[in-house]
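Being a predicted model, the structure only gives us computed values, none of them experimental. By convention in this document, chain letters (A, B, ...) are assigned in the order of the sequence lines, proteins followed by strands, and residues within each chain are numbered from 1.
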2 protein chains.
Amino acid sequence: MNTRQAKQLFSDHLSRMGLRHTVQRDTILNCFLAAGRHITSEDLYNEIRKISPEIGIATVHRNLKLLCEIGIAEELKIGNEKTRYEQTVGRTHHDHLICTKCGEFTEVHDKRIEMLQAKLAAANGFVPVRHGLEIYGLCKKCK
Amino acid sequence: MNTRQAKQLFSDHLSRMGLRHTVQRDTILNCFLAAGRHITSEDLYNEIRKISPEIGIATVHRNLKLLCEIGIAEELKIGNEKTRYEQTVGRTHHDHLICTKCGEFTEVHDKRIEMLQAKLAAANGFVPVRHGLEIYGLCKKCK
DNA sequence: TTTAGTGCAAAGGCTTTGCAGATGT
DNA sequence: ACATCTGCAAAGCCTTTGCACTAAA
């Protein structure tokens, strides 16, 4: 499991950057790692409150931002929806199939698409850094 | 040119739906069609004000929404940026190369990628409706 | 005439920030 | 001790909405 790896990364980063190791940070990281793949700050906040009701949403936001900087989380902004946060430790890049009916997120990956994307960028003299592919439609259950 | 086509579509839609043909709507459509490809509501608003300073941003939003419903415009939401609006009349689907330095949007298209996306969706029992592919990186000038 | 459209300002929805007090180091 | 972190509330930012007035049809 990559929970341990993430915690190590987090701890190391805090030390290296002279940041403080607080109870809130621990709680937020734990809840984030225990949560589903594409959680919103609000849902995470609600999970966190079950454990530590005094933690504020501002702290959750501040630390989600920190997790993104460290590379433990990644923002996923889809249309009008609230920002979602993905766990990235020990995970490789993937794209998303998003069901417009039930909201289900399915992670998919295709090496050939990745390769063609790289070629497409190169053909335009473009140096790709990251990319996002989202396919909207109806999932197996909803179609 | 597809300006005429868009105006026709707009006019027809207004009549068909019993909506009113107003000076503001004309102005907004004209400015939208005259504007660049990936304009924000704010930039469009500023263009519009040069012609009709009394038009409000609310009206611009209301009518951009209408243009989207008609199929003349399409929302493009990218990361933390403001919503951008693309012209869609007479244009086919395309993806975007987005320069993280200068903000340039380049439109690209690759039939093979489209095909693989369709296959990928099908392999997951998913019925694709639309999709968006954005590749972030450095453009020719900025790299 | 009558009903949708407009402009304004206020409200919403989510995220960020300022600040005083709490807490790691 | 002292600088960061936190919680709260306020502010920001963009978009939407309520309302009285204007203007299409």
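- To the nearest 0.5 Å, the span separating CG on A:Leu67 from CG on A:Asn63 amounts to 6.5 Å.
- For the atom pair B:Ile28 CD1 and B:Thr22 OG1, the distance stands at 7.0 Å (nearest 0.5 Å).
- If you check residues 17-26 of chain B against DNA chain C, the residues with a heavy atom closer than 4.0 Å are B:Leu19, B:Arg20, B:Thr22, B:Gln24, B:Arg25, listed by number.
- The side chain to side chain donor-acceptor pair (under 3.5 Å) test applied to B:Gln117 returns B:His131, not counting sequence neighbours.
- Residues A:Arg91 and A:Glu107 are paired through a salt bridge, judged by an N-O separation under 4.0 Å between the basic side chain and the carboxylate.
- A:His94 places a side-chain N or O within 3.5 Å of a backbone atom of A:Thr92 that can act as its donor or acceptor partner.
- No donor-acceptor pair closer than 3.5 Å links the side chain of B:Ser52 to the backbone N or O of B:Ile55.
- DNA chain D lies under 4.0 Å from at least one heavy atom of each of the following residues of residues 60-78 of chain B: B:His61, B:Arg62.
- Less than 4.0 Å separates DNA chain D from no heavy atom of any residue of residues 42-55 of chain B.
- DNA chain D is contacted by both A:Leu14 and B:Lys82; A:Leu14 maps to the nucleotide lying nearer its 5′ end (nearest heavy atom per residue).
- Atom CD1 of A:Ile57 is separated from atom P of D:dC8 by 12 Å (rounded to the nearest Å).
- In the model, B:Lys140 has no side-chain atom that pairs as donor or acceptor with a side-chain atom of A:Asn124 under 3.5 Å.
- Look at B:Glu86 and B:Arg37 and you find no salt bridge, because none of the NZ, NE, NH1 or NH2 atoms lies under 4.0 Å from a carboxylate O.
- Partners of B:Lys50 by salt bridge (Lys or Arg N to Asp or Glu O under 4.0 Å), not counting sequence neighbours, listed by chain and number: B:Glu47.
- Bounding nucleotides for the chain A contact on DNA chain C, 5' to 3', at a heavy-atom distance below 4.0 Å, are C:dC14 to C:dT25.
- Of the options A:His96, A:Gln87, A:Arg84, A:Glu104, a side chain to side chain donor-acceptor pair (under 3.5 Å) to A:His38 is made by A:His96 and by none of the others.
- When all heavy atoms of B:Ser41 and B:Ile57 are compared, the pair lying nearest together is O-CD1, 4.0 Å.
- Salt-bridge annotation for A:Lys65 and A:Glu75: absent, with no side-chain N of the basic residue lying under 4.0 Å from a carboxylate O of the acidic one.
- Atom CD1 of A:Ile28 and atom C1' of D:dC5 are 11 Å apart (whole Å).
- For A:Asp12 and A:Gln8, the side-chain atoms include at least one donor-acceptor pair closer than 3.5 Å.
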